[in-house]
Amino acid sequence: MANAPQADEQRHDPVAPGTAVVDRLLDCLHQDPRRTELTLRASLAVAEWEAVFALARAHTVDALLAFRLRSRGGEDTLPAAVRQAAADARRSGMRSGLLVRETLTRLTTALQNGGVRVIVLKGAHLAHIVYPDPSLRAMTDVDLLVGRTDLGRAAALLRANGCHQVAASDDDGPLADFTNHLPRFYQALPPAVELHWKLAPSDPATRTDHWHRAVPVRLAGVDTLGLCPEDLLLLVCAHACYSHRFMFGIRPICDVAEIVRHFGGTMVWADVVERARQHRSRRGVYLMLRLAREMLGAAVPDDVLRALSSDRADDAIRTARFMILEGHRICRQLPAPIVTLSSATGWPGRLRLLLRSLFPSPDRLAAHYGLPARSPTLPFYYVVRLKDLLKRHGTVVRRVLRRDAALTPIARDMATVEDWLSKEAGI
């Protein structure tokens, strides 16, 4: 079979080519152990290894990096200081994994004993089923999916089991007051918990097909439900692209590669393609699958990439790769409204977009701050939003408005790929 289309080598690539630290990290995380051996044979200096581990920590894959090095027989060859960094990453991953396990055991048991069916989503499912060990998949929250009619009862059960919300919610009120999950629940110790009734904000409220396809899984010692492999893959891809604009860096690419590795020949790729088309996420799924294959050697079939690809895909791949590798740094400085602002031509257009960002609709403002849409305090949150934006992004907004030569091209490229993602041509 022919390979997926390759990037045009003559066009300017926003990713600095041959970045040694990035290349070393990707080699160590690669699905092919021989790529790790290349790095181990290179006899890197202590400073080079420290830079690799620092990059892995920034992308929250340092525990996975330590695992790869140990399981492939390379840890003993590392300098003493680097072996210590690997040991620290393992310990941190184990501590986090134990806290997640305790939360999963306690809350899924409480929900099921209370008559609430639950699907464990994303990171917790990946950590306990897909990755070789739960400590290898970092996460800051646990995502649980319940049915619409069970939402109020589920929230009450979480509160009765040690969870509280910073932003209060009327769980029995209209679900349109929220996006796809209630305001986040917190505990005395991490992780936080998000209680979902939809997989994504754009999903229709009546969508239940993923419930029909859910599969029994045993997580943290409890028998519960998880998404089927194809739905799990689609959710991970869509979450990275559409919900978070590649800001989680390399970690979602590792997730995709591990899903493909774990489920191997049992993945029904025709269903992945068809559901991506149905849910208008074909382009985002294509980007994630192709990048997982090119960056980490995920065994994604050629015909799947051909079926998902569309026009200008190579340009999008270049920018998406840049956003993934720099997401922990540059992309976090450029939230979606600022990216949109960069694409406007002329001062009137830029000012219109800036005002629209500063003063969104009440529904959007309520969703952003986790408030019911009819909250009497909602008008005051326009002031809070203005203060938050100026504090966090005031400097960047000024740079974009003035067409800063260093920042504007990056923001424009990001706006272009987001526009490309939003146009599901050919579906």
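- Counting only distance, with no hydrogens or angles, the side chain of Arg261 and the backbone of Val130 share a donor-acceptor pair below 3.5 Å.
- A distance of 10.0 Å separates CG of Leu182 from CD of Glu194, quoted to the nearest 0.5 Å.
- Looking at Arg283 and Asp311, a side-chain N of the basic residue comes within less than 4.0 Å of a carboxylate O on the acidic one, giving a salt bridge.
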**Prompt:** For Asp314 and Arg290, what are the C-alpha separation, side-chain angles and deciding distance, and is it a salt bridge (Lys or Arg N to Asp or Glu O under 4.0 Å)?
**Reply:** CA-CA 10 Å; Asp314 288 340; Arg290 183 172 159 189; 2.7 Å; yes

**Message:** Run Met295 and Leu325 through side chain to side chain contact (heavy atoms under 4.5 Å, CB included) and show every step you take.
**Reply:** CA-CA 11 Å; Met295 296 170 74; Leu325 294 175; 3.9 Å; yes

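- Using a 4.0 Å cut-off between charged nitrogen and carboxylate oxygen, Asp302 and Arg293 count as a salt-bridge pair.
- In this structure Arg91 satisfies the side chain to side chain contact (heavy atoms under 4.5 Å, CB included) test together with Gln84, Ala87, Asp88, Arg95, sequence neighbours excluded.
- With hydrogens and angles disregarded, a donor-acceptor distance shorter than 3.5 Å links the side chain of Ser71 to the backbone of Phe67.
- Checking side-chain atoms of Ser96 against main-chain N and O of Ser92 turns up no donor-acceptor pair under 3.5 Å.
- Between the side chain of Glu230 and the main chain of Val268, a donor-acceptor pair closer than 3.5 Å is present.
- Side-chain N or O atoms of Glu50 include none that pairs as donor or acceptor with a backbone N or O of Ala54 at under 3.5 Å.
- No donor-acceptor distance shorter than 3.5 angstrom exists from the side chain of His59 to the backbone of Arg251, with no hydrogens or angles considered.
- Taking a cutoff of 4.0 Å between a charged side-chain nitrogen and a carboxylate oxygen, Arg153 and Asp150 qualify as a salt bridge.
- Looking at Arg106, its side chain does come within 3.5 Å of a backbone N or O of Asn161 through a donor-acceptor pair.
- In summary, Asp23 and Arg35 do not engage in a salt bridge, as defined by a charged side-chain N under 4.0 Å from a carboxylate O.
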For residues 117-128, which side-chain N or O atoms pair as donor and acceptor with protein atoms under 3.5 Å away, sequence neighbours left out?
| from | atom 1 | to | atom 2 | distance (Å) |
| --- | --- | --- | --- | --- |
| Lys122 | NZ | His239 | NE2 | 3.1 |
| His128 | ND1 | Ala124 | O | 3.1 |

